[in-house]
Amino acid sequence: MTQSSLPVGNIVQSVASVDLPQRADYMGKFITLSPVEPDADVLELYECSHGSDIKEQIWTYMSYGPFDSTHSMQEWLAEGTRSSDPLFFTVHHLESKQRVGMVSFLNIVSDMRRLELGHIWYSPDSQQSNVNTEAMYLMLCEAFDRLKYRRVEWKCDSLNKRSRSAALRLGFKFEGIFRQHIIVKGRNRDTAWFSMLDSEWAAIKENMEMWLYQNPDRKLSLTALNNNK
């Protein structure tokens with residue numbers, strides 16, 4: 001058989017084993033991510049995400065919510081605990097001892113060593129704080145350091161300016177817009193795609209650790225750190 005003269009991709013080095021994200025506690029300095037426990041979690045999760053226009057804006061770009069009662073939210077949480085993809089976690093804020101949001105691993109394609117971070121929401125009080133940065137740091141450590149995945153994705157409604165800004169701030173690269181990608185709550189969604197690669201992670205990890213743990217006055221900008229990497 002003759003060698004093709006057409007260009008081909010680089011050889012990908014194999015790894016000893018390909019695993020899935022752990023359904024376990026991920027411990028940080030400011031937050032802990034814990035597998036969802038519907039009975040224990042629902043009251044605080046409902047309270048921090050319902051009851052005012054500002055709180056319920058959390059659900060604007062989600063395919064679910066807001067919920068009409070704690071009972072209906074508890075049923076949704078219970079359904080989520082039976083899922084391994086998405087794999088849901090509750091975000092526990094250690095200082096306040098409150099549950100302040102949720103995150104998940106999803107679209108997990110272990111043989112291709114890629115996954116997505118999504119279903120991310122936090123109470124308004126926790127937004128623009130260290131909560132999301134440390135939650136994403138813990139999840140990225142799992143994806144890149146333990147699992148040795150090659151690619152982590154971030155997707156959101158193209159109209160969701162806050163999510164798009166968060167992706168760029170965390171070091172994800174914008175890849176483009178999937179037009180008329182899906183229908184959410186009866187409305188069109190064009191989806192913005194972002195990614196982070198294993199080759200980019202070491203520098204981003206160092207910047208995240210500097211911002212989280214060596215920046216008590218929050219004078220450093222994570223966006224600036226990642227733009228200078």
Side-chain angles (χ1 to χ4, degrees), residues 17-28 31-50 56 58-93 99-123 126 131-132 134-157 160 163 166-167 172 178 181-186 189 191-196:
S17 63
V18 180
D19 206 349
L20 298 172
Q22 300 176 94
R23 191 188 296 267
D25 289 343
Y26 295 84
M27 304 291 296
I31 60 124
T32 296
L33 305 180
S34 297
V36 174
E37 298 182 21
D39 293 346
D41 295 346
V42 64
L43 290 179
E44 288 182 6
L45 289 179
Y46 186 85
E47 182 178 347
C48 77
S49 61
H50 292 78
E56 292 185 7
I58 288 168
W59 308 105
T60 300
Y61 298 109
M62 296 292 192
S63 60
Y64 43 82
F67 300 93
D68 57 14
S69 66
T70 56
H71 177 70
S72 59
M73 188 175 194
Q74 186 171 358
E75 288 184 329
W76 174 76
L77 291 171
E79 183 180 344
T81 63
R82 296 189 287 271
S83 168
S84 58
D85 187 353
L87 179 59
F88 288 100
F89 296 85
T90 297
V91 182
H92 298 255
H93 188 242
R99 297 162 177 85
V100 296
M102 294 181 67
V103 297
S104 81
F105 296 105
L106 71 156
N107 292 324
I108 304 163
V109 188
S110 58
D111 60 334
M112 296 298 169
R113 289 156 54 194
R114 75 169 188 262
L115 54 73
E116 180 182 347
L117 309 184
H119 297 285
I120 300 165
W121 65 264
Y122 308 101
S123 69
S126 299
V131 169
N132 183 52
E134 189 166 54
M136 297 303 100
Y137 169 79
L138 295 173
M139 298 175 81
L140 289 165
C141 285
E142 171 74 350
F144 288 127
D145 294 340
R146 190 184 79 85
L147 298 175
K148 307 302 181 186
Y149 278 22
R150 305 174 64 233
R151 171 183 170 91
V152 174
E153 298 172 345
W154 179 295
K155 307 186 188 84
C156 63
D157 192 309
N160 190 345
S163 183
F172 286 82
F178 276 35
H181 182 213
I182 53 177
I183 300 169
V184 177
K185 296 176 179 173
R189 184 177 114 164
T191 299
W193 284 56
F194 300 81
S195 71
M196 187 184 298

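All values below come from the heavy atoms of this structure, side chains included, with hydrogens, waters and symmetry mates left out. Note that the numbering runs from 1 along the sequence shown for the chain. It should be emphasised that the depicted structure is a prediction, and the values quoted were computed from it without experimental measurement.
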With sequence neighbours excluded, residues passing side-chain hydrogen bond (donor to acceptor under 3.5 Å, both in side chains) with D145: W201, K205

side-chain hydrogen bond (donor to acceptor under 3.5 Å, both in side chains) partners of H119, counting only residues at least two apart: Y64

H50 (side chain) donor-acceptor with F67 (main chain) under 3.5 angstrom: yes

Residue pair I31 / V100, side-chain heavy-atom distance below 4.5 Å: no

Residues that Y149 engages under side-chain hydrogen bond (donor to acceptor under 3.5 Å, both in side chains), provided they are two or more places apart: none

Check: E142 side chain, Q22 main-chain N or O, donor-acceptor pair, under 3.5 Å: yes

Where at least one partner belongs to residues 34-43, residue pairs that pass side chain to side chain donor-acceptor pair (under 3.5 Å), sequence neighbours excluded: D25-S34, D39-Q74, D41-T90, D41-R99

Value rounded to 0.5 Å, distance of CG in L77 from CZ in R82: 11.0 Å

Donor-acceptor pairs are to be reported for all side-chain atoms of residues 102-112 against protein atoms at under 3.5 Å, with residues two or more places apart or in another chain.
| from | atom 1 | to | atom 2 | distance (Å) |
| --- | --- | --- | --- | --- |
| S104 | OG | G118 | O | 3.0 |
| N107 | ND2 | E116 | OE1 | 2.5 |

Whether K148 side chain and D19 backbone form a donor-acceptor pair below 3.5 Å: no

Short side-chain to backbone donor-acceptor contact, W59 and S49, under 3.5 Å: yes

By side-chain hydrogen bond (donor to acceptor under 3.5 Å, both in side chains) - contacts of E75 (at least two apart): H71

